[in-house]
Amino acid sequence: MGKRNFIIVMFCVLVLVSAPLLLYIYIFAPISHYSLSTSDQAWSNFGSFIGGTIGTIFSFLTFLGAAFAVYYQKKQLDVQKATMKLEEILSLLSRHSERLDVLIYTSPQLYPHQYIELNELDPKMKAYIEGSFISILAALGTLSLSKKYNKTFNVPDSNVPDGFISGFLQQSASLINVELNSYGHLLSIYKNSDGDHELVGFYEGKYSALICWLNVVGLLNAPLINDHVDFIVLENVLVGNNFKDYSSSI
């Protein structure tokens, strides 16, 4: 309760308590010529009046105070529960983020038959595929965007057959899509629960380039993350001169 509201409440209480007393004085004081009575009966009547009016008012105010305390306590508990919920969501987002980082910054996970195919490749191609998932995806995504928007990028692996290489990313992409889908679901819950806007922006932007590259090479299958990404804006950013700056936030 603010200071102003507290003053207003105390003033109302003072008026309620003093009103019966002022009313009694206004009615009976002229009868006694504004002098204190020496009659026991008069004082007894005054005590009964005060007990019956001000006592009732105090009882009512006590009830209101108790009701307000219960309401305020419930409100505090609701705020505490909402805060704990947001903290739990942030904790889960952090765990998903850690798992995503492991998947994208390590070499792609391959199916059994792909290990045989990998060993049959020339050393340069093999070394390329054994790089981190994100480095391969970034190159493939950039190539796809360059074709889509007729742009020319200085990509050292521009001679790599992207359709062949993307096949080696499928298993890791499937695992990443599972994490991204859960990530998007948690992010929607956090956003709809009035979570911190700056954190929402951070978590929405953290994997935006990754999601855009997955989408442009046809490996994205996480519908719950789509609401948090504007693919048209992202693609235009990634084909502009800010490619390195934007991808550094991944």
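All values derive from a computational prediction rather than experimental measurement.
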* Any side-chain heavy atom of Leu175 sitting closer than 4.5 Å to one from Arg99? -> no
* To do: Look at the aromatic rings of Phe68 and Tyr71 and report parallel, tilted or perpendicular, splitting at 30° and 60°.
  => tilted
* To do: Over all heavy atoms of both residues, which pair between Trp213 and Gly141 is shortest? Give the atoms and the distance, please.
  => CD1-CA, 3.6 Å
* Asked: Any link between Leu224 and Leu180 through a network of hydrophobic side chains (Ile, Leu, Val, Met, Phe, Trp, Tyr) touching at under 4.5 Å?
  -> no
* Which one of Tyr183, Tyr203, Tyr207 satisfies the side chain to side chain donor-acceptor pair (under 3.5 Å) criterion with Ser97? -> Tyr207
* Asked: Atom CG in Asp227, atom NE2 in His185: separation rounded to 0.5 Å?
  -> 12.5 Å
* Considering all heavy atoms of both residues, which atom of Val102 and which atom of Thr106 are nearest to each other, and what is their separation? -> O-OG1, 2.6 Å
* Structure fact -> Closest heavy-atom pair, Asp196 versus Tyr190, reported as atoms and distance to 0.1 Å, is N-OH, 3.0 Å
* Structure fact -> Between Ile225 and Gly184 the two heavy atoms that sit nearest each other are CD1-CA, 3.5 Å
* Asked: For the atom pair OG (Ser174) and CG (Leu219), what is the distance rounded to the nearest 0.5 Å?
  -> 8.0 Å
* Asked: Tell me, do Ser144 and Lys148 make a side-chain contact under 4.5 Å, heavy atoms counted?
  -> no
* Can you check whether Cys212 reaches Leu238 side chain to side chain, under 4.5 Å on heavy atoms? -> yes
* Yes or no on side-chain hydrogen bond (donor to acceptor under 3.5 Å, both in side chains) for His228 and Ser208, after CA distance, side-chain angles and deciding distance? -> CA-CA 8 Å; His228 303 283; Ser208 294; over 6 Å; no
* Asked: Can you check side-chain hydrogen bond (donor to acceptor under 3.5 Å, both in side chains) on Ser59 and Thr62, steps first, answer last?
  -> CA-CA 5 Å; Ser59 298; Thr62 301; 5.9 Å; no
* **From OG (Ser132) to OH (Tyr105), nearest 0.5 Å** => 8.0 Å
* To do: Find the distance between CG (Leu77) and CE (Met84) and round it off to the nearest 0.5 Å.
  => 10.5 Å
* Asked: More than 12 heavy atoms of other residues, nucleotides or ligands under 6.0 Å from CD of Glu198: is that the case?
  -> no
* **Joint cluster assignment, Leu100 & Leu92, ILVMFWY side-chain distance < 4.5 Å** => yes
* Kindly indicate whether the side chain of Leu186, heavy atoms from C-beta on, has any atom under 4.5 Å from the side chain of Glu88. => no
* Once you round to the nearest 0.5 Å, how far does CG of Leu199 lie from NE2 of His197? -> 11.0 Å
* Is the closest side-chain heavy-atom distance between Lys191 and Glu204 below 4.5 Å? -> yes
* **Heavy-atom side-chain proximity of Val217 to Leu169 below 4.5 angstrom** => no
* Asp230 side chain reached by Ile232 side chain, heavy atoms, under 4.5 Å -> yes
* Ala222 versus Asn181, closest heavy-atom pair with distance -> C-OD1, 3.3 Å
* Picking from Leu210, Asp101, Leu103, what satisfies side-chain contact (heavy atoms from CB on, under 4.5 Å) with Ile134? -> Leu210
* Asked: Can you check whether Ala138's main-chain N or O pairs, donor with acceptor, with Thr142's side chain at less than 3.5 Å?
  -> yes
* Candidate list Leu137, Ile211, Ile104, test side-chain contact (heavy atoms from CB on, under 4.5 Å), partner Ile176, passing option -> Ile104
* Asked: Considering all heavy atoms of both residues, which atom of Asp194 and which atom of Leu86 are nearest to each other, and what is their separation?
  -> O-CD1, 4.5 Å
* Apply side chain to side chain contact (heavy atoms under 4.5 Å, CB included) to the pair Leu234 and Asn215, showing each step before the final yes or no. => CA-CA 11 Å; Leu234 264 177; Asn215 183 62; over 6 Å; no
* Under a 4.5 Å side-chain heavy-atom rule over Ile, Leu, Val, Met, Phe, Trp and Tyr, are Leu187 and Val178 clustered together? -> no
* **Evaluation steps, side chain to side chain contact (heavy atoms under 4.5 Å, CB included), between Lys85 and Ile89** => CA-CA 6 Å; Lys85 177 182 177 181; Ile89 294 172; 4.1 Å; yes
